[in-house]
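Read through the structure below, which is laid out as structure tokens, and then see the notes.
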Number of protein chains: 4
Amino acid sequence: MKRVNKTEFSDGLAEPDTRARILEAALAEFARHGFAGARVDHIAQLAGINKAMIYYHFASKDKLYESAIEEYVAGFIGELSGKVSSGEGIEGILESMADTYRRVLGSDPYARQILLRELAYPRGKILSRIASVIRDSGVPATLAAILREGAKVEKFRPIDVRQAQASFVLMNIGYFLMAPIINEVLALEDIGNFVNERRSAVIDLFLNGVRAR
Amino acid sequence: MKRVNKTEFSDGLAEPDTRARILEAALAEFARHGFAGARVDHIAQLAGINKAMIYYHFASKDKLYESAIEEYVAGFIGELSGKVSSGEGIEGILESMADTYRRVLGSDPYARQILLRELAYPRGKILSRIASVIRDSGVPATLAAILREGAKVEKFRPIDVRQAQASFVLMNIGYFLMAPIINEVLALEDIGNFVNERRSAVIDLFLNGVRAR
Amino acid sequence: MKRVNKTEFSDGLAEPDTRARILEAALAEFARHGFAGARVDHIAQLAGINKAMIYYHFASKDKLYESAIEEYVAGFIGELSGKVSSGEGIEGILESMADTYRRVLGSDPYARQILLRELAYPRGKILSRIASVIRDSGVPATLAAILREGAKVEKFRPIDVRQAQASFVLMNIGYFLMAPIINEVLALEDIGNFVNERRSAVIDLFLNGVRAR
Amino acid sequence: MKRVNKTEFSDGLAEPDTRARILEAALAEFARHGFAGARVDHIAQLAGINKAMIYYHFASKDKLYESAIEEYVAGFIGELSGKVSSGEGIEGILESMADTYRRVLGSDPYARQILLRELAYPRGKILSRIASVIRDSGVPATLAAILREGAKVEKFRPIDVRQAQASFVLMNIGYFLMAPIINEVLALEDIGNFVNERRSAVIDLFLNGVRAR
DNA sequence: GATGAATGAGCCTTCATTCAT
DNA sequence: CATGAATGAAGGCTCATTCAT
């Protein structure tokens, strides 16, 4: 907040400021071990600072968790918002959504863990925060609008739009959450392929599912 | 396993044997607090026995966790297998699957927590065990067979069967896992209704999605 | 409370039970270093037990302090009560009081420290407890009665009995509390002598102070 | 000592210099919480300065304590000395002593705490310092002289002067130290009254106690 | 089987003290 | 003089695990 990089004119190898380093280390530790399993000692080691510094910058392990997750979630705001322009048509928006989910949950090292952890043992208002970020991105509303407009002109079948929204999201996100089980149940040997093809398979199923006959 | 009822000659009002009580208490505690957050003391208290008894029956907290989850997962074997007869047609099998997922994840007090926990922080081979139970139930294979047969006679479109399997499962299971976020993003006010209508909405989307045009 | 000596029939060298050992060690540590200065680790060492045992028997450092002091103060109940029979006359009761004060504050290793500590930084209701023990001993009431009776028959001057009570107590107790300063101000070289003679000096001053002329 | 007013050329509204502010804050903190219970952080906060400043002016918490108490005790030197002129007679000197004790221990916010604390857990040579201040005031010597002179002319009984000195001091000071217990044992309801009347009650008892018959 | 007591290692947090600026 | 940041060494408390009975 009122923090300034402490080595502005120095050797160029300026180490990131302590508070940020702590938050990053905390995120990694919490993602890997959950809240109860995370060790403050370990976070300090990861951040390369003295353990007491954590309590200098944050009041407690609890507050540190909140701060780390909050900052992490806030980081996605820019990424998600404005990704969709209704002009692209339904294929465009579905592709955009699928891409975003994949990028966030398939590449980001912490998103999946944090999300699962919070779903299992909610702490504070983090789930609400995540929901806000998604809703405020405008994507769900845009998809809903398209489905409703399409139903009027009989391009789409008159279905429950909310159920459809949920279904599309879950087909996409759900895979990343449940991959270990899905992959084993389906006895997948070419997981990379499966993931790559999933985007179009999901969109195909969805579009055929909602399109009027 | 090797346990004997402890009140063989007693009054007939035999209380459940200790080992079982421990396992039940452990499941509840682990589901509620995760592995690291669970307290052996608390489990003993829940089971109404002395803490040392836990170590008499189980080698460690780790082993206790494994035993509790293993026994819990094993309990679903009978429930899932034989639920599907391919004679019921595709609607029948989809309904049967949707019902089962809902019963397990929507009513059972521990399933959702344990599943999320294991997905986030896998311990031992529990995820594999879950996958085995699902696969051994024969349901996925039956669904795959129906989709393939249907594709041959052009009843269904020629799609990737594995992707379709995954999609159907995720639309169903995914909701229970992610309900807190889904509900808030969609600003649901009638959650009960939404859940009740979800089964047919999902089946409807899926069938239209795979059916030939 | 519900504690039984654990080595009833053993070698006769039965070690005192743990709880009592902890209380004794705690008293010593608290008396020597005060509450904030006392170290739980040190108490455990003094008691010859593992630090965790302290928390097995007592909830916290706070509670341990309360328990230790409470038990300590309670130990004086028997010692103080019934020490005075009004039949002994005023000299008798004054001597008895002076002796008791001297025994408690001059010989007991902890009384002075605990009393000073509590007077400076009261914790819980310990000062009240001490007051109760003194009052319940009946001694102050007996002294007051004697002074009042004596005033009626003009054996004593008509003075404020409460002030007199306070004065007598303070001349006795006060010395033990303030000895380091008193001794130095008076440049005493024969402290032992001074203490020995104090009893009769105080009683002499007091009796002449209250006696009618 | 070697300090200079920090705002020599400033607006004239010079704030008290830092060193003095630290000493004042330290005295308050030490009086309230004792040495071990006092927090350097808290002292800095009370003084409205940065914690490091404390270590710039004082070497350690120990030295800070000594300095604060030393300065505090030194402040009483002027107050106590020269208060007594033997010309006032014994009543005069006793009244003067009682008044001084009451003013210091009954009104000063720290004296009682500091005195009790030092008596319980002496630190450095502070008790000696206090004794010196008292002795150097000349009051005890004056009282002793009066009692000895009076004994020669048989105005006073031939008592142990040192015991009498101690007794008078303790009747006065002792009450302030032990008030919480005294008040409760005597079940005082009019404490203010009791304190007000104490001076004359003590002097009355003492004079009658030493006066020849 | 069952229990109360005991333990060692570790955990979160605090605190006096120091350093760089 | 003055500050914010940093640190090492505890300090109180907890927890999985074991022991004696």
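In what follows, chains carry the letters A, B, and so on, assigned in the order in which the sequence lines appear, proteins first and then strands, with residues in each chain numbered from 1. The structure presented is a predicted model; accordingly, all values stated were derived computationally and were not measured.
- Of the possible polar contacts, one joining the Glu118(D) side chain to the Arg123(D) backbone as a donor-acceptor pair under 3.5 Å is found.
- Rounded to whole Å, atom P of dA5(E) lies 11 Å from atom CD1 of Ile22(C).
- By the 4.5 Å heavy-atom criterion applied to side chains, Leu64(D) and Phe30(D) are counted as neighbours.
- Rounded to whole Å, the C1' atom of dT21(F) lies 13 Å from the corresponding atom of dG1(E).
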Pair Ser67(C)-Glu70(C), side chain to side chain contact (heavy atoms under 4.5 Å, CB included): steps then yes or no: CA-CA 5 Å; Ser67(C) 300; Glu70(C) 165 61 29; 5.7 Å; no
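- The residue Ile54(C) sits apart from the nucleic acid: no heavy atom pair falls under 4.0 Å.
- If you take CD1 on Ile54(B) and CG on Leu23(B), they are separated by 10.0 Å, rounding to the nearest 0.5 Å.
- Close to dA5(E), at under 4.0 Å from its OP1 or OP2, lies a side-chain N or O of Tyr56(C).
- When all heavy atoms are compared, the tightest approach of Gly34(D) to Tyr121(C) is CA-OH, 3.1 Å.
- For Tyr72(D) and Asp108(D), the side-chain atoms include at least one donor-acceptor pair closer than 3.5 Å.
- Closest of all the heavy-atom pairs between Ile43(D) and Ile22(D) is CG2-O, 4.1 Å.
- The minimum heavy-atom distance between Arg129(A) and Ala74(A), with the atom names listed, is NH2-CB, 4.3 Å.
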Under 4.0 Å protein heavy-atom contacts per nucleotide of nucleotides 9-16 of chain E, with B for base, S for backbone only and - for none: -BSBBBBS
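- For the segment residues 24-33 of chain C, the set of residues with a heavy atom within less than 4.0 Å of an atom of DNA chain F is empty.
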Watson-Crick and G-U pairing of DNA chain F, under 3.5 Å, as dot-bracket with | and [ ]: .||||||||||||||||||||
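- Residue Thr18(B) has a polar side-chain atom (N or O) positioned under 4.0 Å from OP1 or OP2 of dA2(E).
- Rounded to the nearest 0.5 angstrom, Arg32(A) CZ and Ile114(A) CD1 are separated by 11.0 Å.
- The shortest distance between the side-chain N/O atoms of His42(B) and the OP1/OP2 oxygens of dC15(F) is not below 4.0 Å.
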